[in-house]
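Only one structure is covered here, and it is reproduced in the block below.
Remember, it's a predicted structure, so these values are computed and weren't measured experimentally.
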Amino acid sequence: MSVYLRPDNLEEALDALQRRPLTVLAGGTDFYPARVGRPLDDDLLDLTGIADLRGIADEGDRWRIGALATWTDLIRADLPACFDGLKDAAREVGGVQIQNAGTIAGNLCNASPAADGAPNLAALEAEVELSAADSVRRLPVTEFLTGNRTTALDAREIVTAVLVPKLPDAAASAFLKLGARRYLVISIVMIGIVLVPDGDAVGDARIAVGACSPVARRLPALEAALKGKSLDAALGEAVSAEPVETVLSPIDDVRGSAGYRLDATATMLRRGLSNLGRRMGEAA
Amino acid sequence: MNIAAAATTLTVNGAETALRSPSATRLADALRCELGLTGTKVGCDAGDCGACTVLLDGEQICACMVPVAQAAGRNVTTVEGLARDGALSDLQATFLRHGAAQCGICTPGMLMAARDLLDRNPSPTEEETTDALGGVLCRCTGYRKIVEAVLDVAGDRTCAASDTAAGTGAAVGARVARLDGVPKVTGGDVFGADFAPPDALTLRVVRSPIARGRFETGDLEAFRAVRPGIAAVLTAADIPGSNAFGVYPVGKDQPVLADRIVRYRGEAVLAVVGNAGAVAALRDEDLPVSWHEEAPVTGIAGASADGAAIVQAGRDGNVLARGRVVKGDIERGFADADFVAEGAWRTSFVEHAYIEPEAGWARRIGDRLEIHVSTQSPYMDRDETAMILGIGEEQVRIIPTACGGGFGGKLDLSVQPLIALAAWTLGVPVRCTYTRPESMASSTKRHPADIRARAGCTADGRLTAYEFHGDFDSGAYASWGPTVADRVPVHATGPYVIPHVKNTSCAWLTNAPPSGAFRGFGVPQSAIANEALLDDLGGQCGIDPLAFRLRNAIRRGDETSSGQVLEHSAGLADCFEALQADWDRERAEAARINRAGGPLRRGVGVAGMWYGCGNTSMSNPSTMKLGISADGQVTLYNGAMDMGQGPNTIMPQIAADALGVPVERIANVAGDTDRTADAGKSSASRQTFVSGRATQIAGEELRAKILRLANVGPAAALEIGDGRIVLRDGDAERTLDLRAMTQDAEGDVLAADGTFDPPTKPLDADGQGVPYATYGFGAHLAVVDIDIELGTIKVRRIVAAHDVGRAVNPTLLEGQIHGGVAQGLGLALMEEYIPGRTENLHDYLIPTFGDIPPIDTILIEDPEPLGPYGAKGIGEQALIPTAPAIFNAVHHATGVRLRRAPATPHRVREALLAAQEAGHA
């Protein structure tokens, strides 16, 4: 008989993990699909009874997205504009059923190259809080995700939160997703953009691309090229194919060829930056 | 804190409930198995289809991904909680009225997602509606009527549906709400997986993980002996009759359980039978089977290569079947042509993706076997199962459950012989439900096609010649491969008059899942080529595509490429003409938009279709029975299986008018082989036409019998009451005493049957003859936007005109057309089954709520004298022109001809770039 633990506090959960290997369960939206037609015989640690892990909180210099915060929690939360892109990503995760159950933290733990949350969290320079019985550490999202379906999470650790450092109020963001149908679609390419203005120019640009490499990747050369550029519809012209190809390593699969992914990435970057540049320019 | 053993208490539909299922159990399973709330459906167990959507504390979730433990102390609302005091809620009633439920398998999920939306937002917009319901897949409706229904809950409730109380003699033509619809919106309908006796054992199939090779089993008895819950592990050696099935009387070639050799990934090898828990605890790799993989024969190129391995012994060269239609002199036809267009096209395996996986249960009663199963073909199931078990056909009774979608995929046997074998051998009831990946890996598919075709016309746009060859990947076993090989050459010219024709086809055996019947039997594939060539020729002549089609459209009195002269119903030109106003407006609008430049291009395309109703040059009779009991109950014994397309509604409509009673007086017995006669298969768009006519005959026979008995004239009005029929003919009134009459086995005192077999003539070696008694015709107009930088295609609007002979039920017809359009759109843009790779509903994409545009349907009625009240089929017709119309719209927008289906974004972008390089675009 397999074990099913559902503690109501974090200490108990971490203690249990110290003692034995357990599969950690929250929203279940990755756990169950991986077990279609197979026995449900994992020893499980269900986090959903731990009230402290719920919700999205303002912690002064950062936002704390609790491990149990769902996509719907995020969509409904009153958050600044730099979260708009992440909220748009949330609306593209599965259907509303998945958004109501799946968690932002779980999306990262599942570490799919096509994780919808990853590009904007990378662009927000979010950190993942990993807790064990005797330690707490924080890793940038881009270091937490180590490869296709692999993370830096130790078997005795739980992701307890995703932490997003605050940005100036004028910071804005966008998310673009390319798929072969409207709803319930695994991305071919995703773009996450966060721009921090400096007057009517780009002060800081953070751009990440998903589904084009084992983990979402930032584009430092493009980010550097954007700095100081005017916030207007011409912002997309800063995109050239070269920095994209040096950073990304897309694969050929049923959803698209590698060449297509690179080509589409450049187009989506141009469009995303032009739209956001125009919007921010008008607001400035 | 270990709560594994404790009960979980929660509130379900307002009642405090305790669940004893283990904590990790999927809530969907606990609701269904422990509480018997089978209104919550399971379509995938992976959150991909949304059929299991319930409300958890008022929010929609997929119950297949919620552990029971997480429902503790919370409120769960299922579809069974929507109705109040036996009365349908507004939402349910509106669904029913709009025809938003077809097969009904997705309906509970749709209703719960809609409930969640309306509780939060009583007057949603269309976009809010599709966003909220976007997590539920439907394969029947094309979503449009669901959206209409949800919007109408808050709206004015003035939709055209439904005339449930159509008067006597006015049932045919009325928008009668689906007569079997109430259980579909309450969750009460019983599908294949929804019931089995409590003592039923569970059967699980072990399937081949390799596409080609040999296998040996180890000591299965030793395996079983140490697992107390396992009753048996059945192999090919346990099959008492013939271990070979197939839809044709000869050439049966597919084993129920493979015997040492496997020919496709997903082929059934072993059947493990035991109690549900013991069977669920198994993994395939636990079974003692050793596999010896060989290089598979893949695709048409692989099957036809020199020295290719042989898929089936005795089928040298891997050729399953060939087809041929030759008329006139093809060389002369091209010599007569001023313009010639040609090209090559390729399509993919397409999965039926009915939301209900294959399921059923069987029990042995003495020397008889009773099989409850989701099927499109009860009599064929009966006969084939009897053959496999080596028993008489009359020893097998098929009692169809509700069928959660078929589209051709539930014509072939699936669970039937397996549960039959286990129940027959073990003497206990046995149930089986396929998982979604199992369903996709094992079931039949649409044939992938490699097509080459060319066509010629004169300078004034008259077609002179058409030459076509289609190779079809038929997979490992025959299934309906010969049907595709026969049907395609007959239809490949499209519905156009062409004097010189040479159409050939070949179905190839490969190590892939058997390609079978899928809405259109190869014709949707050949239409893509056909309609592209017409556009290319029209372009060369300088004739507008719609005008070009009208110039060549086949009409009454014209001869088909099979040499058949169309004598009656042939409303193709009417269909094209019905599109003219939209065509002119949309083409002008596209020109205006495209003048502005930019990455988004608008295109408007058109395509026509024809499709023969019924089997190709083969007898395919239907018999329908109608009876009246002593207490005045009129019963239609209706063997035409309803898989959502509507025979449970339209056959009673036809029977009502033929007999002369209101439709609500007619009870319907569906498909039970002990109680209904053979009405053939629900395939080939034959039920409305063939079984409908049989129903009309039965109704007229019964009416004639009653009039004779009462000695009144043909205009007499019938009033059937308890124990009597009152007949009024002018001033005369007569009464028949039903209680004085003798009852038959069904308890009926008056009964009649009707049989109809559509008249056809055999095809000769050149495919000349009369393959079908009548044809359905249609034309679609597609408006699309293409993002030329990303290669994405958004269909904005479809206008679909179909000649249906007579619209027996316009609401149901619109539903068939919407669903056909949705499947045609999927074929065109996203659907590609790849064995071992897209065996689930997130890698295999079918259209969602957001992909189906508004669809305008136009019903043309050019009556078919052979059909019931003039009616013809629609099931397959509706799918055929959609993909070619979309591809022609893309060509209109970009000048680029798409030659590969599905046209996924990367393929479209690559085609656009290639054309740019070649200087074409």
Hey, what do you get for OG (B/Ser23) to CG (A/Leu25), rounding to the nearest 0.5 Å?
->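 Answer rounded to 0.5 Å: 11.0 Å.
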First locate atom CD of A/Gln97, then atom CG of B/Asp116, and finally report the distance between them rounded to the nearest 0.5 Å.
->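 Going from the CD atom of A/Gln97 to the CG atom of B/Asp116 covers 8.5 Å.
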Could you go step by step and tell me if B/Met65 and A/Asp30 meet the side chain to side chain contact (heavy atoms under 4.5 Å, CB included) rule?
-> CA-CA 8 Å; B/Met65 299 194 298; A/Asp30 290 310; over 6 Å; no
Which atom pair, heavy atoms only, marks the closest approach of A/Met268 to B/Leu790?
->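 Minimum heavy-atom contact is CG-CD2, 4.0 Å.
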Of all heavy-atom pairs between B/Leu845 and A/Ala180, which one has the smallest distance, and what is that distance?
->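 Smallest heavy-atom distance, with atoms named: CD1-CB, 3.8 Å.
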In terms of side-chain heavy atoms, does A/Thr72 have a donor or acceptor partner in B/Glu59 at a distance below 3.5 Å?
->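 Per modelled atom types, A/Thr72 and B/Glu59 side chains form no pair under 3.5 Å.
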Tell me if a side-chain donor or acceptor on [X] pairs with a main-chain N or O of [Y] at a distance below 3.5 Å.
| X | Y | value |
| --- | --- | --- |
| B/Arg283 | A/Arg38 | no |
| A/Tyr183 | B/Asp851 | no |
| B/Gln70 | A/Ala26 | yes |
| B/Arg26 | A/Tyr32 | yes |

Passes side chain to side chain contact (heavy atoms under 4.5 Å, CB included), A/Val254 versus B/Arg837? Steps please.
-> CA-CA 9 Å; A/Val254 291; B/Arg837 179 64 190 83; 3.8 Å; yes
Contacting moiety of A/Arg261, where chain B heavy atoms sit under 4.5 Å |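 Answer is neither: A/Arg261 stays 4.5 Å or more from chain B.
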Which atoms of A/Asp42 come close to chain B, meaning under 4.5 Å heavy atom to heavy atom: side chain ones, backbone ones, both, or neither?
->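 For A/Asp42, neither part sits under 4.5 Å from chain B.
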Would you indicate whether the side-chain heavy atoms of A/Arg182 and B/Asp131 approach each other to under 4.5 Å?
->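 B/Asp131 reaches A/Arg182 side chain to side chain.
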Should A/Arg181 and B/Leu829 be marked as a side chain to side chain contact (heavy atoms under 4.5 Å, CB included) after you check the CA-CA gap, both sets of side-chain angles, and the distance that decides it?
-> CA-CA 9 Å; A/Arg181 68 178 176 186; B/Leu829 300 183; over 6 Å; no
Using a strict cut-off of less than 4.0 Å between a Lys/Arg side-chain nitrogen and an Asp/Glu carboxylate oxygen, indicate whether B/Glu789 and A/Arg271 qualify as a salt bridge.
->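 A/Arg271 and B/Glu789: salt-bridged.
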